[in-house]
A.B. asks: 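Pasting a structure here, questions to come.
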Amino acid sequence: MQGYNFAYLDEQTKRMIRRAVLKAVAIPGHQVPFASREMPLPYGWGTGGIQLTAALIGPDDVLKVIDQGADDTTNAVSIRSFFARVAGVRTTTRTTEASLIQTRHRIPETPLRADQIIIYQVPMPDPLYRLEPSRPVARRLHAMVDYGAMHVKLYEDITRFGRVAVSYDHPVMVNQRYLMSPSPIPAFDNPKLHRSPALQLFGAGREKRIYAVPPFTSVVSLDFEDHEFNPQRAPQTCALCGSTTSYLDEMVIDDQGGRMFACSDTDFCEQQRQAQHDHAA
Amino acid sequence: MMDVRLPGFANNLESQRCFRAILQAMSHPGLIITLDINLTPPAPLSVATAAALLTLVDATVRVAMPENTGAGVDWLVFHTGARIAAAAEADFIVASAPPSLANLYPGTDEEPEAGATLILELPGFGCGPLFRLTGPGIESNIMLQAPLDAAFIADWRMNDALAPRGIDLLLCAGASIVGLPRSVTIEEV
């Protein structure tokens, strides 16, 4: 594309992001500040993820972008076409074909490999922000591994609701050191963070933070001995592919109260249906 | 030709390729990765060291090259605009004999990311003592043979004890690199 540097960002910005990424990888779970740029879409639409992707992507990469598991929603489609335009890269909807996966709020059902990198769009990088509004204080709490407030919050959930009332963005401990927001993925996806063979990078554009989970790194969802981490999944089967294990979206399909449950991961659902079709043929 | 006029990267895709190699090295500690790059750096810089510097350094970064006062420094400043600093204040330190890690800046508990990166030039991999590495990025353990002496390994143990502060290490030999982030534990076997 004429008039832009490869992958939109200028080289100076990419170097700044790249240095932050390397430090983030060296300190798993620690939020590294970076000089987040204005992007051609508003903060809150994945600017952190896009800046990471722009700093990483090369002509040989194959990019997949998902939004809540789907390849065909506005955010996913526009980010994918953005990089097809400014970097000329090949894009895909197939998890297995992608070398870079940028995601908003899901981890693909198909297990990731060591040669893949997953980039999460993060709205609020600090897991303590609802408990400690002051940034300098929160930073000190991280420095001192002082996460008591989060345990109290989870405990109060149990006393009031009988369970930990967190269905997404369930806080995790990374490498037994840093409390980390896994981004607003469903708690259902948290176990996939643990010892994933793929490098996991997290970018928060508005909040100007980058953090990372290197491959094969311990990621433990916060819980109690007598109230173990217990992610929820709708007890239905997917209406399209019949999966009983994938994470489901509930959709209202008419004005009579009709509902349908279907896989949130559209690529996974399509692969399942394709396999059934091939099997039947 | 004067060393300072030796070329840097031919285009921005070369720095992208080198960055991905360095990222792979840092996220898979102990893995020997060979850079796919054609570069003629000024002596005594290796291809890998020169490529890493061109990839990561610019005018916002302080670099120390305590052993190198001539052509290497001029070349780096010419291509990147790097600010040359003393080792204790540098973001990146380039050396062939490992300096005492205690003399480099490890960051603070609140800002551990300010810890320096040491680029250590080695004669090669596959010689010297055998080390077992464990830590994030490594599935169970990985073996690395590299000419690192016992004093350095003792120094690294001190670096471990500083966590999350610390120095990150990029080993360079020829066109090959090995990443050793501060999170890695190194034991001689």
Side-chain angles (χ1 to χ4, degrees), chain A residues 5-7 10-12 14-35 54-61 87 99-100 114-115 117 136 138-145 174-175 177-178 195 197-201 210-218, chain B residues 9 11-29 31 36 52-61 80-81 91-92 107-117 134-142 163-170 179-184:
Chain A
N5 188 28
F6 176 80
D10 60 280
E11 291 301 303
Q12 171 80 25
K14 287 186 194 170
R15 264 193 303 275
M16 173 269 296
I17 295 173
R18 287 167 180 170
R19 287 193 297 262
V21 167
L22 293 178
K23 288 300 171 191
V25 168
I27 316 164
H30 170 65
Q31 301 162 52
V32 178
F34 79 110
L56 262 72
I57 204 163
D60 301 333
D61 277 310
S99 60
L100 286 181
D115 61 342
I117 299 176
R139 211 168 57 170
R140 202 171 315 137
L141 294 177
H142 283 291
M144 298 174 134
V145 206
V174 177
N175 197 28
R177 174 59 181 80
Y178 279 102
R195 293 186 59 80
L199 171 62
Q200 307 179 80
L201 301 176
I210 287 169
Y211 51 102
V213 176
F216 308 112
T217 300
S218 153
Chain B
F9 283 145
N11 57 52
N12 56 5
L13 297 182
E14 294 195 332
S15 57
Q16 185 274 335
R17 209 156 64 226
C18 285
F19 168 66
R20 285 291 285 276
I22 296 167
L23 179 61
Q24 199 195 359
M26 278 297 180
S27 49
H28 295 93
L31 205 63
D36 170 23
L53 289 169
L54 289 176
T55 303
L56 299 173
V57 166
D58 53 39
T60 65
V61 162
T80 66
D91 302 299
F92 291 88
T108 65
D109 283 329
E110 291 186 22
E111 293 179 336
E113 73 276 5
T117 304
T134 51
I138 302 168
E139 188 166 7
S140 55
N141 63 69
I142 184 169
R165 298 183 296 147
I167 311 299
D168 303 309
L169 191 57
L170 191 65
L180 294 176
R182 66 189 76 175
S183 53
V184 164

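Proteins come first, then strands; the chains are lettered A, B, ... in the order of their sequence lines, and each starts at number 1.
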A.B. asks: Which region of B/L180, side chain (C-beta onward) or backbone (N, CA, C, O), has a non-hydrogen atom less than 4.5 Å from a non-hydrogen atom of chain A, or is it both or neither?
C.D. replies: neither
A.B. asks: Please give me the minimum heavy-atom distance between A/Y178 and B/P112, naming the atom from each residue.
C.D. replies: OH-CG, 3.6 Å
A.B. asks: Just give me the residue among A/H30, A/R140, A/M16 that pairs up with chain B most often, heavy atom to heavy atom, under 4.5 Å.
C.D. replies: A/H30
A.B. asks: As an exercise: rank B/D109, B/D91, B/D168, B/L56 by heavy-atom pairs under 4.5 Å with chain A and give me the winner.
C.D. replies: B/L56
A.B. asks: Is there side-chain contact between B/V61 and A/R15, with heavy atoms separated by less than 4.5 Å?
C.D. replies: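 B/V61 does not reach A/R15 side chain to side chain.
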A.B. asks: Is there a side-chain contact between B/Q16 and A/I57, using heavy atoms and a 4.5 Å cut-off?
C.D. replies: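 No; the side chains remain at least 4.5 Å from each other.
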A.B. asks: Would you call A/Q12 and B/T60 a side-chain contact if the rule is heavy atoms closer than 4.5 Å?
C.D. replies: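 When only atoms from C-beta onward are counted, B/T60 and A/Q12 do touch, with a gap below 4.5 Å.
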A.B. asks: So which part of A/A55 gets closer than 4.5 Å to some heavy atom of chain B, the side chain, the backbone, both or neither?
C.D. replies: backbone
A.B. asks: Heavy atoms, side chains only, cut-off 4.5 Å: are A/V21 and B/F19 in contact?
C.D. replies: yes
A.B. asks: Any heavy-atom pair between the side chains of A/K23 and B/R182 that's under 4.5 Å?
C.D. replies: yes
A.B. asks: Less than 4.5 Å apart, any side-chain heavy atom of A/H142 and any of B/E110?
C.D. replies: no
A.B. asks: Relative to chain A, which of B/E111, B/R165, B/R17 shows the most heavy atom pairs under 4.5 Å?
C.D. replies: B/E111
A.B. asks: Can you tell whether the side chains of B/E113 and A/R19 come within less than 4.0 Å, N to carboxylate O?
C.D. replies: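 No, this pair does not count.
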A.B. asks: Given the options B/R20, B/H28, B/M26, which has more heavy-atom pairs under 4.5 Å with chain A than any of the others?
C.D. replies: B/R20
A.B. asks: Under a 4.5 Å heavy-atom cut-off, does chain B meet the side chain of A/D10, its backbone, both or neither?
C.D. replies: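 Neither part; nothing is under 4.5 Å.
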A.B. asks: If you define the side chain from C-beta out and look only at heavy atoms, does anything of B/P164 sit under 4.5 Å from A/R177?
C.D. replies: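 Contact flag for B/P164/A/R177 side chains = yes.
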A.B. asks: Looking at side-chain heavy atoms only, is the closest gap between B/N12 and A/N5 below 4.5 Å?
C.D. replies: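 Side-chain contact under 4.5 Å: yes.
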A.B. asks: Sort out for me which of A/A114, A/A7, A/S218, A/G58 touches chain B most, counting heavy-atom pairs under 4.5 Å.
C.D. replies: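 It is A/G58.
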A.B. asks: Pick whichever of A/L199, A/L56, A/N175, A/T217 has the most heavy-atom pairs under 4.5 Å with chain B.
C.D. replies: A/L56
A.B. asks: Heavy-atom cut-off 4.5 Å, strictly under: side chain, backbone, both or neither for B/A116 against chain A?
C.D. replies: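 Backbone only.
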A.B. asks: For B/L23, is it the side chain, the backbone, both, or neither that has a heavy atom closer than 4.5 Å to a heavy atom of chain A?
C.D. replies: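 Both backbone and side chain.
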A.B. asks: Which atoms of B/V184 come close to chain A, meaning under 4.5 Å heavy atom to heavy atom: side chain ones, backbone ones, both, or neither?
C.D. replies: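 For B/V184, no heavy atom lies under 4.5 Å from chain A.
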A.B. asks: Go through B/P181, B/A59, B/G107, B/S27 and name the one with the most non-hydrogen pairs under 4.5 angstrom from chain A.
C.D. replies: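 Heavy-atom pair counts peak at B/S27.
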